[in-house]
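Single-structure report; data block below.
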Amino acid sequence: RKEVEQDPGPFNVPEGATVAFNCTYSNSASQSFFWYRQDCRKEPKLLMSVYSSGNEDGRFTAQLNRASQYISLLIRDSKLSDSATYLCVVTHTGRRALTFGSGTRLQVQP
Amino acid sequence: DVKVTQSSRYLVKRTGEKVFLECVQDMDHENMFWYRQDPGLGLRLIYFSYDVKMKEKGDIPEGYSVSREKKERFSLILESASTNQTSMYLCASRSADYGYTFGSGTRLTVV
């Protein structure tokens, strides 16, 4: 079983739609959580950190459920420019490296 | 902003060549990492370094080595390049409590 699991998609949604991705992690000692965005043939870039209380950044909302060991990303009012792969990332004590999910591909269509 | 610079964007090498991939960061981060990314396999950790001259194997170190002589520079070495090492190579730097900043990647093709 992978340590971080994501639905690979693709999620095909129309502009203006709301879309949500989930990610599950298996290590209960996981400490910090992030969402990264990766455009085609580019490097991953930090989209947002995920805090226990949930956090919002404009049209993006991230939530963490420690009891069920999953994190989520909600995108409201999708734009064409949101088309990308979204990577779920976790850290845990005793490991300096981040652990990445394989990513969920989002395609926003006109 | 943290900047992580990889020396080459695209590289073509022959089988058996020794290949050096260079990465430099400008924010005095202690932790630096090398990943490769392949379709369907995601990002896989090759090696990382948590201080000058300190290194640890990641999940797929075979066929690779690293060098960190200065804090800002972390080099990945392919001792004898093989076609199965054709991939996108990503370097990342990290401060203690935050996520990574990645370089723009090196797309290596071994022929």
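Order of the sequence lines sets the chain letters (A, B, ...), proteins ahead of strands, with each chain counted from 1. Note that the structure is predicted; figures quoted are calculated from it, not measured.
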Check this for me: A:Gln63, atom CD, are more than 12 non-hydrogen atoms of other residues, nucleotides or ligands nearer than 6.0 Å?
no
Given a strict heavy-atom distance threshold of 4.5 Å, which part of B:Glu56 is in contact with chain A: side chain, backbone, both, or neither?
neither
If one checks every heavy atom of B:Phe48 against chain A at 4.5 Å, the contacting part turns out to be side chain
Below 4.5 Å from any heavy atom of chain B, which atoms of A:Leu46 appear? Answer side chain, backbone, both or neither.
side chain
Quick check: is B:Tyr10 connected to B:Leu90 through a chain of hydrophobic side chains (ILVMFWY, heavy atoms under 4.5 Å apart)?
no
Taking side chain as everything from C-beta outward and backbone as N, CA, C, O, which of these in B:Phe102 sits under 4.5 Å from a heavy atom of chain A? Side chain, backbone, both or neither.
both
Which answer fits A:Gln31, side chain, backbone, both or neither, if we ask what part of it has an atom under 4.5 Å from a heavy atom of chain B?
neither
Around B:Lys57, counting heavy atoms of other residues, nucleotides and ligands shown, do more than 12 lie under 6.0 Å from its NZ?
no
Look at the side chain of A:Tyr36 and the backbone N and O of B:Tyr100, then say whether any donor-acceptor pair between them is shorter than 3.5 Å.
yes
Atom CG in B:Asn31, atom CG in A:Leu98: separation rounded to 0.5 Å?
10.0 Å
Are B:Leu11 and B:Trp34 linked, directly or through other ILVMFWY residues, by side chains that come within less than 4.5 angstrom of each other?
yes
Filtered by a 4.5 Å non-hydrogen cutoff, the part of residues 104-111 of chain B contacting chain A is B:Ser104, B:Arg107
For A:Thr85, is it the side chain, the backbone, both, or neither that has a heavy atom closer than 4.5 Å to a heavy atom of chain B?
neither
Hey, any chance B:Val19 and B:Ile46 share a hydrophobic cluster, counting ILVMFWY side chains that come within less than 4.5 Å of each other, even indirectly?
yes
Could you tell me the separation between the CD atom of A:Glu43 and the CG atom of B:Leu43, rounded to the nearest 0.5 Å?
11.5 Å
Between A:Phe33 and A:Leu87, is there a shared hydrophobic cluster once you connect ILVMFWY residues whose side-chain heavy atoms come closer than 4.5 Å?
no
Please enumerate all residues that pass ring pair (Phe, Tyr, Trp, His ring centres under 6.0 Å) together with A:Phe21, with sequence neighbours excluded.
A:Phe11, A:Tyr86
In terms of heavy-atom pairs under 4.5 Å with chain B, which of A:Gln38, A:Arg41, A:Lys2 leads?
A:Arg41
Common cluster, A:Val13/A:Leu73, ILVMFWY with side-chain heavy-atom separation under 4.5 Å
yes
A:Ser49, part contacting chain B, at a heavy-atom distance under 4.5 Å:
side chain
For A:Arg37, look at atom CZ and say whether over 12 heavy atoms of other residues, nucleotides or ligands are found less than 6.0 Å away.
yes
Do B:Tyr35 and A:Phe100 make the cut of ring centroids closer than 6.0 angstrom?
yes
